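No experiment lies behind these values; they were computed from the predicted model shown. Values reported hereafter were calculated over all heavy atoms of this structure, with side chains retained and with hydrogens, waters and symmetry mates removed. Every chain is numbered from 1, with letters handed out A, B, ... down the list of sequences.
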Protein chains: 2
Amino acid sequence: MAGTPPPQTIPEATVARLPIYLRSLQEFAADENATISSGRLAELAGVNAAKVRKDLSYFGSYGTRGVGYDVRQLVVEIRRELGLTHDWPTAIVGMGNLGRALANYAGFSERGFSIAALLDTSDDKVGTVMGGTKVSHLDDMEGLVERHSISIGIIATPAIAAQDVAERMVGAGIESILNFAPTVISVPEGILVRKVDLAVELQILSFYQERRATDAGSAAG
Amino acid sequence: MAGTPPPQTIPEATVARLPIYLRSLQEFAADENATISSGRLAELAGVNAAKVRKDLSYFGSYGTRGVGYDVRQLVVEIRRELGLTHDWPTAIVGMGNLGRALANYAGFSERGFSIAALLDTSDDKVGTVMGGTKVSHLDDMEGLVERHSISIGIIATPAIAAQDVAERMVGAGIESILNFAPTVISVPEGILVRKVDLAVELQILSFYQERRATDAGSAAG
DNA sequence: CTCTGTGAACTCTTTCACAGCA
DNA sequence: TGCTGTGAAAGAGTTCACAGAG
C-alpha cells in the first residue's frame, strides 16, 4: 500500500528536459509566491503544455488545478531530482581552446558545478592559471579526484587522446564523463558517458538545410 | 515499379546518427576498397548492428550480403545525404570564450563548414583577427551573409543577447541556427534551430550520478 | 470556469529474428 | 556459411482529450 507513489523511473526524455524547465523557472524569476501554468512554462521552455504536465507528474509535483504550479516549490523539486542540492566538483582535461572556454564558462558554477581541477599534459599549460584555477599535470589527476571528491570528468582533448583520458578518469574513480572529443569512447559498465560533438550538430543542420534546397518549392513555413 | 526506392523520409533519429557513422568510417580510414560489416561499424559508432543496418537501409545503401559495405561508397552516400558535398559558410556571433573556441575549432572546417564571418558588438573585439578571420561588427552581418551565401548561423553570445541575434540572423537571410546560448530562442516557422547547452548536459549527468548514490546497492554494472 | 493530472491513442524508435543473396 | 535487408514485435515518447479539483 502507498509504497511507491512517484514511480521510481523518470523517463530519459523527461530527465533531459528538467534542466530546461529549471532554467526557464529561474529566468521567470518570480516574486516570493508566484505560480506558473503548464502553458506558460511550456512556452518558456519551448515545448508543449501536455508534455510539461506529464513530465512534472513523474515526480509527483503538486500543481494546483485552476492555478498552476508554485514556482519556488517547483524549483526546489526539480533541483532535488537533478541532484543539484549540493555542489559537484568537476575536472576538465584538455586546455585547448575548448577547455579554456569551459574553464571560463560562468554557466557551470552558476548551476552548481565547480571546477576543482584543470588538467593537461603540455608543459606550456601546466602551472598556468585559467578561470581562477591552476592547471595541473594529467598525472596528478588521481590525487586531485580523491582530494576534491570529483565524480564528473569533462574531456576536452583532441579525439586521439580521449580514450586514454577516459581510462585514466575511470581509474581515478570518476563515474560520469562528459565527452567533447569527436570520438566514441568505451568505458566499463556502470560509467556514464554523455557526448557533445559540435560538428555533429552542424551536420544535422546541414542535412535539413540541404533537403530544404532540394525539395524545391515545398513550403518551408 | 522501381519508382521511389529510398523512401523520401529518413527518421530524425537516423539523421542524428549519420554524422557518427561518417566519422567512424573516416577513422576506419581503410585502403582503396575496404569493406566494413554492420557489426564493426556499430562497434566504432557505439550503437548496435541492427540499428546500423536499418539506418543505412533508409537511403538504399547497398551492402553486399556475406561481405559488408564498401567503405568508400558508404562515405560518399552519407556525405551526399548530409549535404556535405559542398562547403557550408557559417557565421559565428559572439566572440567570448566559446566563440573564440569555435572560431579556432579545426573540426568545423575538416567537415565542410567554413567560417565566413565572425561577429561581435564590442569595440574591443571588432577588427581583431581570430582563427584567421577578422571580426566584424554585428551590424554588418546582413551584407556578409549575402556576400558569402551564409545559411548557417552560430550563436555564442550570452543568453540575454541570443533572441536579438537570432532575429537579426533571420532578417539577414540565415535559415539554420545552432544556438549555444543557454536560452530558448523563438524563430519564425521554417527556420531550423538546434541547441547545445553545455550546462544542461552536466545536469543530466548529475541526475544519474545522484540517483546512483541514492539507489544504495543497486548494481551500477 | 481554469488548469492540473492522467489514461488511452498514437507515433516514433529500437530490437528481434529470419529469409535470402553472395 | 556470413552478413545484409527488412517485416513484425516490442518499447519509448508524445499528444489527445477529458474528468475533476480549486
Rounded to the nearest Å, what distance is computed from the NZ atom of residue A/Lys51 to the P atom of nucleotide C/dC10?
19 Å
N/O (side chain, B/Thr64) to phosphate O (OP1/OP2, C/dA22) under 4.0 Å
no
Select base, sugar-phosphate, or nothing to describe what A/Ser61 touches, counting heavy atoms under 4.0 Å on all strands.
sugar-phosphate
Give a yes/no answer on whether the side chain of B/Tyr69 brings an N or O atom under 4.0 Å of OP1 or OP2 in D/dG5.
yes
Separation of C/dT4 atom P from A/Leu41 atom CG, nearest Å, is 10 Å
Find the distance A/Tyr58:OH to C/dG5:C1' and express it as a whole number of Å.
12 Å
Would you kindly give the CD-to-C1' distance between A/Glu12 and D/dG11, to the nearest whole Å?
13 Å
With a 4.0 Å cut-off on N to O distance, would you call B/Asp197 and A/Arg111 a salt bridge?
yes
Rounded to whole angstroms, how far apart are CD on A/Gln73 and C1' on C/dT4?
14 Å
Given D/dC3, is OP1 or OP2 found less than 4.0 Å from the side-chain N or O atoms of B/Ser37?
no
B/Lys54 or A/Val67: which one's nearest nucleotide on DNA chain D is closer to the 5' end?
B/Lys54
In plain terms, say whether B/Arg168 and B/Asp164 are close enough for a salt bridge, that is, a side-chain N and a carboxylate O under 4.0 Å apart.
yes
So does B/Arg65 reach the base of D/dG2 with its side chain, donor to acceptor, closer than 3.5 Å?
no
Taking only the side-chain nitrogens and oxygens of B/Asn48, find out if one of them lies under 4.0 Å from OP1 or OP2 of C/dT15.
yes
Has A/Arg53 got a side-chain N or O lying under 4.0 Å from the OP1 or OP2 atom of C/dG7?
no
Verify the contact: side-chain N or O of B/Arg17 to OP1 or OP2 of C/dT14, cut-off strictly under 4.0 Å; return yes or no.
yes
Between CG of B/Leu25 and CZ of B/Arg23, what distance do you get to the nearest 0.5 Å?
11.0 Å
D/dT4 P sits how many Å from B/Asp55 CG, rounded?
13 Å
Expressed as a whole number of angstroms, how long is the span from B/Leu18:CG to C/dT13:P?
13 Å
Within a 6.0 Å radius of atom CD on B/Glu12, are there more than 12 heavy atoms belonging to other residues, nucleotides or ligands?
no
Given C/dG5, C/dT13, D/dT14, identify the nucleotide with an atom nearest to the side chain of B/Ala13.
C/dT13
Mutual orientation of the aromatic rings belonging to B/Trp88 and B/His86 [parallel < 30°, tilted 30-60°, perpendicular > 60°]
tilted
Closest-nucleotide 5' rank along DNA chain C - winner of A/Gly66 and A/Leu56
A/Gly66
Quickly work out the B/Glu43 CD to D/dC3 P distance and round it to whole Å.
13 Å
